[in-house]
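Here's the structure, in structure tokens; my notes come after.
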Amino acid sequence: MTFRQLGRSGIQVSAIGFGAWAIGGPFTSGGKPAGWGEVDDDESVAAIHRALDLGITFFDTADVYGTGHSERVLRRALAGRRDDVVIATKFGNVFDAETRTVTGRDISPGHVRRACRASLDRLGTDRIDLYQLHVGDAPLDRVDDLIATLEELVDGGLIRAYGWSTDDPERAAAFAKGPHCAAVQHELSVLRDAPAMLAVCDTHDLASVNRGPLAMGLLSGKYGPQSRLPGNDVRGDSPAWMTLFRDGRPAPEFLSMMEAIRDILTSGGRTLAQGALGWLLARSARTLPIPGIRTAAQAEENAGALRHGPLSAADLAQIDDLLQRPS
Ligand SMILES: NC(=O)c1ccc[n+]([C@@H]2O[C@H](COP(=O)([O-])OP(=O)(O)OC[C@H]3O[C@@H](n4cnc5c(N)ncnc54)[C@H](OP(=O)(O)O)[C@@H]3O)[C@@H](O)[C@H]2O)c1
């Protein structure tokens, strides 16, 4: 397994991580599904164990995934292995675990401290390696307060580093003022480049933790124009922010982009998913793709991307050309 640095924290992580949103199981937000449908916890634990066996050491979750369930499943699967792994989780959402619903947001210092303790309890650990603000559009004028609170948590030994999950480069740069800010989590895939965010990561020595690296499953190639995702899946009954899936089906414009570059992604014996992850590894030395993984087979395929390594510079240039974007 190839390792990369978690930005300026000096923490080493496997170059491909494990996204743990889906394994949290069903929950809702604003009356819509916010999970990925039903899950079998034994299958999730087997997926985590397979990932560990293959050298994946970086696990990304959030307190809100399955309203606490994802963190608990990680605790179960990582028992006895805590010192071998790097755990990232997130805060900023308020939820009701009884009804499995998201009820609001809170980024006040008191909530951040309480949320941190609650995540530590659910994860069964004494420290969180990377603690991420999960409110992507939180106001910039709250940044100083947030940094002060997070630095307190670092001083108390409860967290080692922190970051913001946001797609806004200005917000990422503002957070980078914090001495222990080490990463920004943002959307990045071969279908959706983010050059401005990667530039912020270079300037401030931050890791670029990549969510949606497989375009929410599209880049596995298993969904076509006729596929319909179930109604209890966030992709099946999409919230307003969703563009990759529309009316429960893959958005045709993204399927066309995928078809245009399929041959390049699958060159050298890679599967489509491995090619998509290879693009991310080639895009910058700071990228850390965290594909969502639900099964041991998905763990094997995604970890296998490292065997093939990054795509070549020529592949990247050709992809930009085919997708008509600047190199
Ligand atoms: N705001 C935020 O902070 C935020 C937002 C989004 C995501 N994230 C994080 O980023 C992680 C990854 O993003 P994502 O879950 O949105 O999307 P993704 O990684 O692009 O896609 C993951 C989905 O693709 C399918 N898949 C994965 N590997 C596969 C393989 N080898 N073959 C076939 N199918 C495969 C699985 O779903 P199916 O089998 O059901 O298709 C999986 O749940 C999340 O788990 C979470 O940790 C954070």
Side-chain angles (χ1 to χ4, degrees), residues 16-25 29 33-40 43-44 47-48 50-51 54 56 58-66 70-71 73-74 87-93 102 105 130-138 163-168 171-172 183-192 208-224 227-230 232-236 238-239 241-245 250 254 258 270-277 279-280 288-305:
I16 287 187
F18 186 116
W21 177 10
I23 64 166
S29 178
W36 297 57
E38 293 299 330
V39 284
D40 171 344
E43 190 169 40
S44 304
I48 294 167
R50 192 71 192 116
L54 294 166
I56 289 181
F58 184 41
F59 292 84
D60 178 78
T61 182
D63 58 0
V64 75
Y65 294 163
S70 173
E71 289 184 330
V73 171
L74 273 181
I87 299 178
T89 191
K90 310 189 193 80
F91 64 93
N93 288 294
V102 184
R105 295 165 157 194
L130 179 69
Y131 201 37
Q132 303 162 107
L133 172 58
H134 206 173
V135 181
D137 59 356
W164 195 339
S165 180
T166 180
D167 290 309
D168 177 11
R171 285 179 165 81
V184 54
Q185 182 170 143
H186 64 104
E187 185 178 0
L188 187 67
S189 76
V190 65
L191 302 183
R192 291 231 265 225
S208 153
V209 179
N210 312 134
R211 58 174 135 83
L214 299 177
M216 300 188 85
L218 268 191
L219 282 163
S220 68
K222 68 185 172 189
Y223 299 117
S227 305
R228 176 169 276 288
L229 280 294
N232 63 353
D233 186 312
V234 65
R235 299 167 293 184
S238 307
W241 53 262
M242 172 84 64
T243 52
L244 292 162
F245 288 80
F254 288 106
M258 183 180 78
R270 294 177 173 91
T271 65
L272 199 55
Q274 288 169 343
L277 296 172
W279 181 87
L280 284 162
L288 292 171
I290 46 164
I293 293 177
R294 310 181 65 154
T295 63
Q298 291 180 356
E300 278 167 25
E301 182 172 356
N302 298 342

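Each residue takes its place number in the sequence, starting with 1. As the structure lists them, so they are numbered: ligands from 1, and atoms in each ligand from 1.
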Could you tell me whether Ala215 and ligand 1 have an N or O pair separated by under 3.5 Å?
yes

Looking only at distance, does Ala273 have an N or O less than 3.5 Å from an N or O of ligand 1?
no

Return the option from Gly17, Ala47, Gly19 holding the heavy atom at the smallest distance from atom 45 (O) of ligand 1.
Gly19

When the aromatic ring centroids of Phe18 and Phe58 are compared, is their separation below 6.0 Å?
no

Does Leu214 reach ligand 1 with a nitrogen or oxygen that is under 3.5 Å from one of the ligand's nitrogen or oxygen atoms?
yes

Taking the non-hydrogen atoms of Phe18, is any one of them nearer than 4.0 angstrom to ligand 1?
no

Pairwise salt bridge (charged side-chain N to carboxylate O under 4.0 Å, His left out) hits with a residue in residues 211-221, at least two apart
Asp167-Arg211

Answer yes or no for Ile290: is there a heavy-atom contact with ligand 1 below 4.0 Å?
yes

Evaluate the side-chain proximity of Gln185 to Leu130: yes if any heavy-atom separation is below 4.5 Å, no if none is.
no

Non-hydrogen atoms of Arg235 versus ligand 1: any pair closer than 4.0 Å?
yes

Per atom 30 (C) of ligand 1, closest listed option by heavy atom (Gln298, Lys222, His186):
Gln298

Using distance alone, decide if ligand 1 has a nitrogen or oxygen within less than 3.5 Å of any nitrogen or oxygen in Asn302.
yes

Heavy-atom pairs closer than 4.0 Å: do any link ligand 1 to the side chain of Ser189, the backbone, both, or neither?
neither

Is it the side chain, the backbone, both or neither of Gln132 that has a heavy atom closer than 4.0 Å to ligand 1?
neither

We want to know whether Ser165 and His186 form a side-chain donor-acceptor pair, criterion being a heavy-atom distance below 3.5 angstrom.
no

Hey, is Met216 touching ligand 1 through its side chain, its backbone, both or neither, going by heavy atoms under 4.0 Å?
both

Gln274 side chain vs Glu301 backbone, donor-acceptor pair below 3.5 Å:
yes

Please work out, at 4.0 Å between heavy atoms, whether the side chain, the backbone, both, or neither of Lys90 comes within that distance of ligand 1.
side chain

